[in-house]
Amino acid sequence: MSGAQTPPTEQAAGTAADSPPVAPERSWPLWEVFVRGKRGLSHVHAGSLHAPDAAFALRNARDVYTRRQEGVSIWVVRADDITASSPDEKDSFFDPAADKIYRHPTFYDVPDDVEYL
Amino acid sequence: MSSDVSPVNSTNAPAESEESLPGAAENGPSGELPEAAYLLGLADDAMVYAQRLSEWMTNAPQIEEDMALGNIALDLLGQARALYPYIGSIDGTGRGEDDYAMLRDERDWRNVHLVEQERGDFADEMARLLWFSAYQVELHTALTGSSDDVVAGVAGKALKEVRYHLDHASLWVVRLGDGTEESHRRMQAALERVLPHLAELFDDDEASVTAAGLGVGVLPSSLHDAVVGRVRRVTDEATLTLPEASSWRSRGGRAGIHSRPMGYLLAEMQHIARSHPGATW
């Protein structure tokens, strides 16, 4: 996107007869890509890309993020459709867990003959 | 397939007659084994189209499409690379992949004119890719049954690749054809422009007849109906009209007679290898 010129506001474009119509969005929407590796148990965020629609987002993801056999399964989702926590909320979201160490299962004595724990 | 008028095998206007092309009657440009000549045609189609498609890097509508077309070009390059050394072993010359790709002159190339044409606009490329990948899907499906194990092996690997190429082209043709008025008009025009260069894919030249007789190759004309069927399914969905016949058709590629863009393509592709003979990196 060239951000050099400020686009006219919708209101201005709709009312002023001499102003140019709002140009259609030239850039494809952004998609987030999640790839599950061959030995991976879950999909992991791999990056993002632009695509005109979901079918192409999936194919572009294949071409951009799995060229070196990184994955066996791909998810794509519109970046706009992701609701993310805000950095401003970091303190209230995550700090209250900091002093609750009893939530970690570390207060058990594991018998010597229990394997795989 | 239904027996409607073939859009590509029309012979009603042979604008360029075989007789008018000097050297066209020769038994292949290298005069070598028909099997080798047949395989060279397949390898050269892939090599030259790989070069053309790679031109889209930095020129496609978005960087993601650069990558997609670049990947397709690399698949085709791989198909050519798998075939060249094998051709060198069966034609007795012992030539390697660089000898074929970088050190042959125009008259020794056996690719069809379709793949050497300049890339045009994006709709032109999608029209060409749709037809060529539909052709390659049918070709490699048939060649997996080749009596030659190497050919069958290359075809088996290529088939997975070209199915993806066809999918890519199909998605674009549907979106452009069934998109805006402008994209529909330009996609339709591209289908008209590519038409004269399709008939060559389905010509049964001497080398392919011999290769098919040996069970190594497949008769190009036998692929025609299925290829048209594949393309028609896409153009129907795209609300486009598959043109019925062109007033002229290209010919001569399989005999080493090429169109104007071929020389420029080879010059660009080969000049490094020829300026620095034997250079490695």
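Below, chain A is the first sequence line, B the second, and so on; all start at residue 1.
- With rounding to the nearest 0.5 angstrom, the CG atom of B:Asn71 is 10.0 Å from the CG atom of A:Asn60.
- Side chains of A:Arg59 and B:Asp167 form a contact here, defined as non-hydrogen atoms less than 4.5 Å apart.
- Annotation: side chain of B:Arg175 is in contact with side chain of A:Asp53 (closest heavy-atom distance under 4.5 Å).
- More than 12 non-hydrogen atoms from other residues, nucleotides or ligands lie less than 6.0 angstrom from CG of A:Leu30.
- In this structure, A:Lys90 places its NZ atom where only 12 or fewer heavy-atom neighbours from other residues, nucleotides or ligands lie under 6.0 Å away.
- Enclosure of atom CD1 in A:Ile101 is not indicated, since only 12 or fewer non-hydrogen atoms of other residues, nucleotides or ligands lie within 6.0 angstrom.
- Rounding to the nearest 0.5 Å places CD of B:Glu65 at 14.5 Å from NE2 of A:His50.
- Using a 4.5 Å heavy-atom cutoff, the side chains of A:Phe56 and B:Glu64 are not in contact.
- Around atom CZ of B:Arg52, more than 12 heavy atoms belonging to other residues, nucleotides or ligands sit under 6.0 Å away.
- Distance check, rounded to the nearest 0.5 Å: CG of B:Asp66 to CG of A:Asp63 gives 11.5 Å.
- Atom CD of A:Glu89 has more than 12 heavy atoms from other residues, nucleotides or ligands within 6.0 Å.
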